[in-house]
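Residue numbers start at 1 and run along the sequence shown. Since the model is a prediction, treat every value here as computed from it, not as a measurement.
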Amino acid sequence: MSDEPAEAGAVIRLLVAEDTRILRETLVTLFSLEVVAQVAAGTGIVPAALEHRPDVALLDIGMPGADGLSAAVELARRLPDCKVVVLTALETPDNRRRAAAAGVSGFLLKGVPAATLIDAVRSAARPAGFRQPG
């Protein structure tokens, strides 16, 4: 990843990992010009990331095969330039703790406005990264 900031018009290479088809397809449409890969199972996250080299991986936690937080740990080890933003309905203290330990750049609940999600992905792509307060 370059040291240039990800500005509003910059192309960000994005991997979307979400097991719910309608939500995954909506997220892909939302980021239509930026998505380089999408997966429906947690076991596909790391292989897709290694193949497509996204700048940011947008990961759900509760996915079949492997959870998104386990994938985030593996991405940090194998593809450290890929930042992770978690988008989940599973907000628990344990998930927040695991996300922090995995070094994710953002942790958002699925009820956030689309503009917040877009800002989180763009911010994560910047060298300084994104941190959700709280």
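- Side-chain contact between Val104 and Val85 is absent, with no heavy-atom pair separated by less than 4.5 Å.
- For residues 62-71, the salt bridge (Lys or Arg N to Asp or Glu O under 4.0 Å) pairs, not counting sequence neighbours, are Asp67-Arg98.
- The closest donor-acceptor contact from the side chain of Arg24 to the backbone of Glu18 lies under 3.5 Å.
- For Thr88, the side-chain contact (heavy atoms from CB on, under 4.5 Å) partners at least two apart in sequence or on another chain are Asp60, Ile61, Val86, Leu90, Phe107, Leu109.
- When atom types are taken as modelled, the side chain of Ser70 and the backbone of Ala66 share no donor-acceptor pair closer than 3.5 angstrom.
- At distances below 3.5 Å, at least one donor-acceptor pair connects side-chain atoms of Asp55 with backbone N or O atoms of Arg13.
- Between Leu14 and Val121, the closest side-chain pair of non-hydrogen atoms falls below 4.5 Å.
- Criterion: ILVMFWY side-chain heavy atoms under 4.5 Å apart, direct or through other members. Under it, Leu58 and Leu108 are part of a common hydrophobic cluster.
- Counting heavy atoms from C-beta outward, Leu117 and Asp119 have side chains that stay 4.5 Å or more apart.
- Linking ILVMFWY residues whenever their side-chain heavy atoms come closer than 4.5 Å, directly or via other members, places Val35 and Val56 in the same cluster.
- Looking at Thr92, its side chain does come within 3.5 Å of a backbone N or O of Asn95 through a donor-acceptor pair.
- Between Leu59 and Ala71, the shortest heavy-atom contact is CD1-CB, 4.5 Å.
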Donor-acceptor contacts under 3.5 Å from residues 42-52 side chains, at least two apart:
none

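- In terms of heavy-atom proximity, Asp19 sits nearest to Pro64 at CB-CD, 3.4 Å.
- When the salt bridge (charged side-chain N to carboxylate O under 4.0 Å, His left out) test is applied to Arg53, no partner is found at least two apart in sequence or on another chain.
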